[in-house]
Protein chains: 2
Amino acid sequence: MRRIAPDRDQLLAMVAEVFREHGYEGASIALIGAATGLGKGSLYHFFPGGKEEMAGAVIAHIDGWFEDNVFERLRDGTDPRAGIEHMFEATDSYFRSGRRVCLIGAFALEESRDLFASQIRDYFGRWVGHLADALARDGHGTTEAAELAEEAVAAIQGALTLARAVDDAGMFSRVLRRTHMRLGLTGGDDI
Amino acid sequence: MRRIAPDRDQLLAMVAEVFREHGYEGASIALIGAATGLGKGSLYHFFPGGKEEMAGAVIAHIDGWFEDNVFERLRDGTDPRAGIEHMFEATDSYFRSGRRVCLIGAFALEESRDLFASQIRDYFGRWVGHLADALARDGHGTTEAAELAEEAVAAIQGALTLARAVDDAGMFSRVLRRTHMRLGLTGGDDI
DNA sequence: GACGCATTGTACCGTTTGGTACAGTCGGGT
DNA sequence: ACCCGACTGTACCAAACGGTACAATGCGTC
């Protein structure tokens, strides 16, 4: 059979959902198999490195999505404010208003952190870095921009944790709106 | 042998560290045994409910610590500002300036969330609630106080995630200082 | 139509998992 | 001195874990 399985993008998306839902340790090969409809044979064919390669690929996939849909726009020199604005929209949409969790953030808290330390550090480092650059271009001093960026990304991550913890539908959007305001963007428009 | 093992408080603290470091799934009974110096016999003697009871007891233990050392002071009617101030000091100290992770926050992101949903919701709900009350008593409007409280607790949780992710020693304290300022406390004093 | 190879299902492996059973061991109370 | 019960180590269990081996399968290509 040539390619009955979903293509790599769809496959990674399905695997990602399992890791997101169960964590690295909790996501068993059996679970991943059930979620993707693939047997061990296929799974280990696509990811000879096993579970660790799956998780690594999933992180890279997510990283790529943020690179293309968030960081790229933050890097765009012409209108930093638009890039930041778009970051909030993309973030709210990606995390489904807090109903979805940040897989990379979750991995950072688990034991799995050690396995993927460099990928995790890269992802968050670039997020904070690009946001800080955009804020600096928007008129903030370098130090203030850097601290604001840290504060904003932390607020987003914390809001995801909190939203999941208290199971409050509105909380993620509320924190997002506030963070939006903290970055000096007009508080009026809803995101 | 009567009570050669460490007393319950010390025992729970040791078990907590294992869960903190490895997550719920990652913390095996063998690991917990090694960390506490107790065999399975003793472990299951103290916690007949097994791993789930251990984790539940650990959460309750941590919850109790925050109740006594943070929430209590927030609830103190006479000087809300002092209570909030103390929350920041206690938080920075408890989380070892970001080198330690919030076990309850980590559990909220894992699959284990389902097992401990009510304890987790309680803990964060009370934190946000008491902080909001204190802020309201400090002069903020009810709605603003509630949103500020959510923002602050989210910032703390996110800073823990981020600090762990990027392995930056200064980041937790920086975010904490900023949050401190956001709550209308003097930005000058270092915490 | 036949060959080659990407893909697949299945059987199997050793290890580790959480948990149980139970016989011992000891210290405090009498 | 003795006994009760809190504590402990060890042996054991079935199930699940991640991973491997391999023969079958069928599509694309020539």
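Residue numbers begin at 1 in each chain, while the letters A, B, ... track the order of the sequences. Note that these values count all heavy atoms, side chains included, but never hydrogens, waters or copies made by symmetry.
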What integer distance in Å separates B:Leu115:CG from C:dG18:P? 13 Å
Interatomic distance, B:Leu38 CG vs D:dC7 C1' [rounded to whole Å]: 9 Å
What is the separation between atom CE on B:Met54 and atom C1' on C:dT17, rounded to the nearest whole Å? 13 Å
Quick one: CG on A:Leu12 to CD1 on A:Ile59, what's the gap to the nearest 0.5 Å? 11.5 Å
Check whether any side-chain N or O of B:Ser42 sits under 4.0 Å from OP1 or OP2 of D:dC7, and answer yes or no. no
I'd like to know if B:Glu151 and A:Arg174 make a salt bridge, using a cut-off of under 4.0 Å between side-chain N and carboxylate O. no
Taking NZ, NE, NH1 and NH2 as the nitrogens, is one of them in B:Glu150 or A:Arg178 under 4.0 Å from a carboxylate oxygen of the other? no
The side chain of A:Lys40 is closest to which nucleotide in this list: D:dC17, C:dA11, D:dA11? C:dA11
Ignoring backbone atoms, test whether A:His45 places a side-chain nitrogen or oxygen under 4.0 Å from the OP1 or OP2 oxygen of C:dT7. yes
Of the candidates C:dT7, C:dT10, D:dT8, the side chain of A:Phe46 sits closest to C:dT7
Over how many whole Å does the gap from A:Glu25 atom CD to C:dT15 atom P extend? 20 Å
Mind calculating the distance between OH (B:Tyr44) and P (D:dT8) to the nearest angstrom? 16 Å
Once you round it to whole Å, what is the distance between P of D:dG18 and CD1 of A:Ile29? 5 Å
Group every Ile, Leu, Val, Met, Phe, Trp and Tyr by side-chain heavy-atom contacts under 4.5 Å, then state whether A:Phe107 and A:Leu109 land in the same group. no
A:Ile32 atom CD1 is separated from D:dC17 atom P, nearest whole Å, by 11 Å
With a 4.0 Å cutoff (strictly under), does any side-chain N or O of B:Ser28 reach OP1 or OP2 of C:dT17? yes
